[in-house]
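Working notes, beginning with the structure itself.
Just so it is clear: chains get the letters A, B, ... in the order the sequence lines come, proteins before strands, and each one is counted from 1. Scope of the values below: all heavy atoms of this structure, side chains included, with no hydrogens, waters or symmetry mates.
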Protein chains: 2
Amino acid sequence: MTLPSTYADRNCSVARALEIVGERWTLLIIRDAFFGVRRFGDFANQLKIPRAVLTNRLKFLVKEGVLIRDDDATGGVEYRLTAKGVALWPVVRALMNWGDAFYSPSGVKRAERHDQDGGLLDHDGRCEDCGLVVPVPEIRIEPGPGFDLTDSDHDPVSGAINTPHRLLEPIMRPRTLSAAEGELSATRAAERAHR
Amino acid sequence: MTLPSTYADRNCSVARALEIVGERWTLLIIRDAFFGVRRFGDFANQLKIPRAVLTNRLKFLVKEGVLIRDDDATGGVEYRLTAKGVALWPVVRALMNWGDAFYSPSGVKRAERHDQDGGLLDHDGRCEDCGLVVPVPEIRIEPGPGFDLTDSDHDPVSGAINTPHRLLEPIMRPRTLSAAEGELSATRAAERAHR
DNA sequence: CGGCTGAGTTCACTGACTGAACTACTGCTG
DNA sequence: CAGCAGTAGTTCAGTCAGTGAACTCAGCCG
């Protein structure tokens, strides 16, 4: 979509929304942000997007208030979704549902669960166990029956993304994980205790 | 998005969906199709999209089974949404909701109602009167409080789109009207005078 | 026949995307 | 302190897609 503000229709919120998130790569960046990706390099490697394009997109999304950029503890840079960005989850979910329905014959590629009670979420984000509409930070995402295990863990970031975890929660990169490789459960437990 | 099948992530239905509907203009074409646009020229005029691009997009969407192309009664060509295309309504709705929420301070630009009982639909398409999830063909769309009346009726197609009507129902173009209805002369005259 | 409409096609031009290489600024480590 | 690695970008030439205007072609209408 390239030029923002280039769709003529002033009276259509679909056009307006697409001016922000309709450019190539943008919604995939946002999807990754939901999945916990926060670092420039992780976006670049995971999406295999040219770094120049990534720079443009991130700048634009920050300018539009979808992402916020700040320095993390280690001096690096973090991009995180704002409330406005988090409000895009229904868009990402709708695309995911449609893609699952028509291009994943063996079942959904990723399932959403209510982290509190483990209930599956329906297409509108309602927990089938407790009946509540689950807020985004309480959604746990995990590989579903249609997930293809053969090409998942090529890189550590993908591996982290495809491990069951809550949306928005930063993925654990090997660096942060320290030397201890297999202690996933311990790390997760620690993390749960963390909040 | 340009090249289809160009997003690397085989395991993501969001990426898969965007390969089909993520290109520039595509979702706006689909939105117009929901609003009842069916003719090549109407898409071209309403969206102000280059005709060459429109040709590409329509061909691609037909190939992918989102639209179906056939000749209508008068010998013209019609593009209509298939079931697979209609299943994209949640995507369009989610974008519309987000655009309304963040870019339309005076209220939604278009409201959805249950045509049967006139109840407003919530963000998930549930009728606030009868509580049912309303199927797409029973959704009536109409200008909402945020709709800007000053630049609506510039062309007859926009005028028809912005008149309350059910989704998927073909918009009435002056041409088609002439065959069926008698009192069209007034409409046509008014339209001509307008230019 | 002559004009009109609808559905495209053609084409020169511009501008965005691509991929690879390069820079600049940390924070370590010996 | 020099050297190295990691992170976050920038630069750049080549390519490819989008743009807008003009053109074709077929079928009607009178």
Side-chain angles (χ1 to χ4, degrees), chain A residues 1-8 18-19 22-26 28-29 37-62 67 69-80 155-157 170-171 173-178, chain B residues 1-8 18-19 22-29 37-62 67 69-80 155-157 170-171 173-179 188 191-192 195:
Chain A
M1 322 290 190
T2 297
L3 292 183
S5 248
T6 220
Y7 291 128
L18 287 172
E19 286 172 9
E23 288 176 293
R24 183 145 154 75
W25 297 113
T26 300
L28 290 179
I29 291 170
V37 177
R38 293 187 173 186
R39 311 295 292 261
F40 184 93
D42 289 345
F43 284 112
N45 297 335
Q46 224 273 323
L47 296 172
K48 284 161 191 66
I49 171 180
R51 304 165 85 80
V53 176
L54 181 58
T55 301
N56 287 343
R57 295 295 185 275
L58 290 174
K59 268 192 187 132
F60 180 69
L61 289 173
V62 168
L67 295 177
R69 187 201 122 114
D70 56 18
D71 300 354
D72 76 353
T74 74
V77 175
E78 273 194 358
Y79 293 91
R80 295 196 318 281
D155 66 290
V157 176
I171 56 170
R173 295 152 67 257
R175 219 68 219 288
T176 327
L177 245 166
S178 76
Chain B
M1 324 297 190
T2 296
L3 294 183
S5 249
T6 220
Y7 291 128
L18 287 173
E19 285 171 11
E23 288 176 293
R24 183 145 157 74
W25 297 113
T26 300
L27 275 169
L28 291 179
I29 292 169
V37 177
R38 293 188 173 185
R39 311 295 293 258
F40 184 93
D42 289 346
F43 284 112
N45 297 335
Q46 223 272 325
L47 296 172
K48 285 161 191 66
I49 171 179
R51 303 166 85 79
V53 175
L54 181 57
T55 301
N56 287 343
R57 295 294 186 275
L58 291 174
K59 267 192 188 131
F60 180 69
L61 289 173
V62 168
L67 295 177
R69 188 200 122 116
D70 56 18
D71 301 353
D72 74 354
T74 75
V77 175
E78 272 193 358
Y79 293 92
R80 294 196 320 281
D155 66 290
V157 176
I171 56 170
R173 293 153 67 258
R175 215 65 216 285
T176 322
L177 250 168
S178 68
R188 291 198 75 175
E191 227 123 57
R192 289 209 172 142
R195 286 184 249 196

Roughly, in whole Å, what's the span from [atom1] in [X] to [atom2] in [N]?
| X | N | atom1 | atom2 | value |
| --- | --- | --- | --- | --- |
| Asn45(B) | dG8(C) | CG | P | 14 Å |
| Leu54(A) | dA16(C) | CG | P | 18 Å |
| Asp71(A) | dG9(D) | CG | C1' | 14 Å |
| Asp42(B) | dG6(C) | CG | P | 8 Å |
| Ile49(B) | dG8(C) | CD1 | C1' | 13 Å |
| Glu78(A) | dG6(D) | CD | P | 19 Å |
| Arg69(B) | dG6(C) | CZ | C1' | 11 Å |
| Asn56(A) | dT10(D) | CG | P | 8 Å |

Practice prompt. Nearest-nucleotide wise, let me know which of Ala52(B) and Gly41(B) is further upstream toward the 5' end of DNA chain C.
Written response: Gly41(B)

State which of [options] makes the closest approach to the side chain of [X].
| X | options | value |
| --- | --- | --- |
| Phe40(A) | dG18(D), dA8(D), dT9(C) | dA8(D) |
| Arg39(A) | dG18(D), dT7(D), dG8(C) | dT7(D) |
| Arg51(A) | dA21(C), dA7(C), dT7(D) | dA21(C) |
| Pro50(B) | dT19(D), dG8(C), dG9(D) | dT19(D) |

Touch class at under 4.0 angstrom, heavy-atom based, for [X] against every strand present:
| X | result |
| --- | --- |
| Ala44(B) | nothing |
| Tyr79(A) | sugar-phosphate |
| Val53(B) | base |

Fill in: Residues which pass side chain to side chain contact (heavy atoms under 4.5 Å, CB included) with Arg38(B), listed by chain and number, not counting sequence neighbours
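Side chain to side chain contact (heavy atoms under 4.5 Å, CB included) check on Arg38(B) returns Glu78(B), Arg80(B), Pro170(B).
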
Discussion item. Restricting to side chain to side chain contact (heavy atoms under 4.5 Å, CB included), what partner residues turn up for Asn56(B), sequence neighbours left out?
Written reply: none

Worksheet item: Any donor-acceptor pair under 3.5 Å linking the side chain of Thr55(B) with the backbone of Arg51(B)?
Response: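 Judged by distance alone, yes, a pair lies under 3.5 Å.
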
Discussion item. Quick check against the 3.5 Å criterion: does Arg24(B) have a side-chain atom that pairs as donor or acceptor with the backbone of Arg24(A)?
Written reply: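 The answer is no, because no donor-acceptor pair under 3.5 Å joins these two groups.
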
Worksheet item: Phe60(B) versus Glu23(B): any side-chain heavy-atom pair under 4.5 Å?
Response: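 Side chain of Phe60(B) against side chain of Glu23(B), heavy atoms only: contact under 4.5 Å found.
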
Fill in: Any Lys59(A) side-chain nitrogen or oxygen under 4.0 Å from OP1 or OP2 of dT10(D)
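The answer is yes; a side-chain N or O of Lys59(A) sits under 4.0 Å from OP1 or OP2.
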
Discussion item. For a quick test of reading the model: is some side-chain N or O of Trp25(A) closer than 4.0 Å to OP1 or OP2 of dA16(C)?
Written reply: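 No, outside the criterion.
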
